[in-house]
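Worksheet for the structure shown next.
Note that this is a predicted model, so its numbers are computed, not measured.
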Amino acid sequence: MAKALLGYVGGPDPRLLAEMRRLQQRVQDLESELIRMQAENDALSVASREESLLSSIDVTRAEPALA
């Protein structure tokens, strides 16, 4: 009787299993995208810091190198 109440008799619904597999794949895809975007963000942050360090150097007032 419990099986009849749940709406299936012969095992899990194939549509439900297919939807679950689709959702698991989507989660994996989103996790991969998140990792890729975090790496890209880290690279951009490093480049931004390097650019700000270079722009803070005043070339016109730089001291000559010791010979």
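- Here the CE atom belonging to Met20 is positioned 14.5 Å from the CZ atom belonging to Arg15, to the nearest 0.5 angstrom.
- By the side-chain hydrogen bond (donor to acceptor under 3.5 Å, both in side chains) test, Gln25 pairs with Asp29, sequence neighbours left out.
- Residue Arg21 holds its CZ atom at 10.0 Å from CG of Leu16, rounded to the nearest 0.5 Å.
- Rounding to the nearest 0.5 Å places CG of Asn41 at 11.0 Å from CZ of Arg36.
- In this structure, the separation between CD on Gln38 and OG on Ser45 is 11.5 Å, given to the nearest 0.5 Å.
- Residues satisfying the side-chain hydrogen bond (donor to acceptor under 3.5 Å, both in side chains) criterion with Arg22, sequence neighbours excluded, are Glu19.
- Remark: Ile35 CD1 to Leu30 CG distance equals 11.5 Å, nearest 0.5 Å.
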